[in-house]
Each structure stands twice: as structure tokens, then as C-alpha cells.
There are 2 protein chains.
Amino acid sequence: MTTTIGIGQLARRSGVPIDTVRHYERIGLLKPAARLASGYRRYGEAEQKRLRFIRRGKALGFTLDEIQALLSLGSSRDVARVRGAASERLADVERRIAELTRVRDGLRALIAACPGHGRAEDCPILNALSQESEP
Amino acid sequence: MTTTIGIGQLARRSGVPIDTVRHYERIGLLKPAARLASGYRRYGEAEQKRLRFIRRGKALGFTLDEIQALLSLGSSRDVARVRGAASERLADVERRIAELTRVRDGLRALIAACPGHGRAEDCPILNALSQESEP
DNA sequence: CTTGACTCTGGACTTAAGTCCAGAGTTTAG
DNA sequence: CTAAACTCTGGACTTAAGTCCAGAGTCAAG
């Protein structure tokens, strides 16, 4: 049988605060945990993975709803739907990368053009801030 | 003299809801607007630009606090500080792009490997969801 | 057994960023 | 002038994602 751990250890191992683990259970992002006779929650490998998955997703800017959607794919029987959902996610990510790349290029150009000293009127960054072009 | 417009027109032109414009004023992201004798707010070119800047920033995932920081650079006298702040922003953006690029590549690989039909056990997307590697 | 660490619950509180509202006054097109 | 459209204020409400708390019970080391 697999070892199970308490909520404190789960929290430490997965990098998610205890309160947040309970919160995720409350909102249904995690299944109700198994309990000891005392009422203490017990967790196995599966929920550790799930929690780490959630943490990674959040770090990437997905909302909990989006993460839940991703996770629920795992229980889908319909492989085509899974693939479609993954494609939508991909399109999202690509759009965000494109936007950020534009910003990055803009910032790079400004920084490169700014002498880093002298009069404010000569600073291209300040000038750009006061009149940007449309996105 | 420049034409000035009311809050409704400002909202339409800058793509920000009226209530949100007032909200921005309440929280200090916009300066208190000029007023007519009636109390109606009046806006000029400058605040239209500012609002559009804010909208763009939000679209890129910056918080209002970050946007305010960016905007306040415009009133900074210290060109070196402006340059430094812009560099920090750039580093941020680059980090986010790198993260998203990893996700994109992962998703692409999964989608490419998924046949889009057949048994769930053969779907690499579902398999990846149940056991991801660490970020 | 005792002590310190851990866990339980339900609910209140927080932050960010709005969004909505009522009731009153203002502007403008016809 | 009248009606429709616009704007004002202050405050209440919303959503997302936690975060904190009190008071009570439980577990583990010595």
C-alpha cells in the first residue's frame, strides 16, 4: 500500500499553503480528501501531483477555472475533445506570447535609445510614455 | 484651445467603461478631472492618452499598481531611475515570455502526438495531465 | 502522561478591479 | 419648452483567490 500523508506535509511538499489546500477542497478543485477516524485528512501520491499541477498552472497565469477545465480533461472519455481543448489553450498561450513579445521589443528599443542621463526631454522612455501608439 | 469632452465620450473613445473611469479617479490612477460649473467632468487629449495607456497595460497583464508605477515615471526627473525601472519591467516581461514559451512547446508536442481519436490510454495529453514533470 | 505540534470547522476578512444603483440635477435635439 | 440622454454622488455589491481566526480535538516524542 502507498504511504499517505497529512495536510501539513502535503502542503510543504507541493508548495501550496495549508489554508489554500482546504480552500481548494471547499471550491471543488480537489476532491474531498480521505479521512482518518479523527477527521484528519489523508493524501496519497495522486493529490500531490494534482496540487503541483495546479501550482504550475497558476504560475503560468491560468485561473483556477481554467486549471479545473484542464484537469477535467483527464476524466474525459472523448479524446477528440481533449485534443480540441488543448488546442484552444495553445492558441491562448500563443496570443499572450505575441502580445508580450511586442511589449518586450518596445521596451528594448526604448532602453537602448535612452542615454541613462541628461535632460528628461532627451529620454525616449518618458516621451514614449506620454504618447504611445495603439496596440 | 483644445476641445474637451465629457466622461461618456471619453469612455467610448478610450474603450474603458464610464464607471471604471470614475473608479480610476477614486483610486488615484487618474487625477481629479476638471469640472464644469454643473459638476460634470471634462477631459482633454492628455487623459485620453493616459486611459488608452492604462487599457493597453491591462491587456498585457500588468496590474493597476504596475501601470501606475509606469505612468509615474513620466513625472520623474531622474532619467537614470526611469531607465532602471524600464529595465526591471523588461526583465519581468522576458521571464513571462520564457515561461509561456515552455508551456507552448509542451502543448504543441502533446497535440502533435495525439491522434485525436482512439482509446484514452493512447492520448499523450491525458497521460501528461496525470503526471507532469516539475516546472 | 504531558507538552508541543498538528488538525478540525465555519465563518469572517482581505485585495484587486471593477460594477451597479437610486435619486437628483444637467444638457441637448426637436 | 419638453423629452431623452447624460452625469453626479456615495455606498453597496461582485468575483477571484485566498488568508486568518477561535475554540476544540488529536498525535507523537520523551
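Order of the sequence lines fixes the chain letters, A, B, ..., with proteins taken first and strands second; residue numbering starts at 1 for each chain. As a basis for the values below, the full set of heavy atoms in this structure was taken, side chains included, without hydrogen atoms, waters or symmetry mates.
Put simply, CD1 on A:Ile67 is 8 Å from P on D:dA17, counting in whole angstrom units. One interatomic measurement links the two molecules: CG of A:Leu10 to P of C:dC6, which rounds to 15 Å at whole-angstrom precision. For the pair B:Arg42 CZ and D:dC6 C1', the interatomic distance rounds to 11 Å; values are reported in whole Å. Taking atom CG of residue B:Leu64 and atom C1' of nucleotide C:dG18, one finds them 9 Å apart after rounding to whole Å. Atom CG in A:Leu51 sits about 14 Å away from atom C1' in D:dG18, given to the nearest Å. Counting to the nearest Å, the P atom of C:dA16 and the CD1 atom of B:Ile54 are 16 Å from each other. Going from atom CD1 of A:Ile18 over to atom C1' of C:dC6 covers 8 Å, rounded to whole Å. Per the geometry, NE2 belonging to A:His23 stands 13 Å off C1' belonging to D:dC20, to the nearest Å.
Set against C:dC20, C:dG18, D:dC8, the side chain of B:Lys58 has C:dG18 as its closest nucleotide. Distance from the side chain of A:Ile7 is smallest for C:dT7 among the nucleotides D:dT7, C:dT7, C:dA17. Comparing D:dA17, C:dG18, D:dT19 against the side chain of A:Thr63 picks out D:dA17 as the nearest.
A donor-acceptor pair under 3.5 Å is formed between the side chain of B:Arg83 and the backbone N or O of A:Ile111. Remark: the backbone N or O of A:Arg96 is not paired with any side-chain donor or acceptor of A:Glu99 at under 3.5 angstrom.
Checked by distance alone, A:Tyr40 brings no side-chain donor or acceptor within 3.5 Å of a matching partner on the base of D:dC27.
Taking every heavy atom of residues 24-39 of chain B and every atom of DNA chain D, pairs under 4.0 Å involve B:Arg26, B:Arg35, B:Gly39, by number.
Interatomic distance, B:Arg26 CZ to B:Asp19 CG, rounded to the nearest 0.5 Å: 8.0 Å. Atom OH of B:Tyr43 sits about 6.0 Å away from atom CG of B:Leu10, to the nearest 0.5 Å. In this structure, OG1 on A:Thr101 lies 4.0 Å from CD1 on B:Ile97, to the nearest 0.5 angstrom. Annotation: the span from A:Arg42 atom CZ to A:Glu47 atom CD amounts to 11.5 Å, rounded to 0.5 Å.
Nearer the 5' end of DNA chain D, as judged by each residue's closest nucleotide, is the contact made by B:Arg12, out of A:Pro17 and B:Arg12.
Heavy atoms of A:Arg22 sit under 4.0 angstrom from at least one base atom.
Side-chain nitrogen and oxygen atoms of B:Thr20 include none within less than 4.0 Å of the OP1 or OP2 phosphate oxygen of C:dA17. For the pair B:Arg41 and D:dC8, the criterion of a side-chain N or O lying under 4.0 Å from OP1 or OP2 is met.
Classification of A:Glu25 and A:Arg50 as a salt-bridged pair fails, no side-chain N sitting under 4.0 Å from a carboxylate O.
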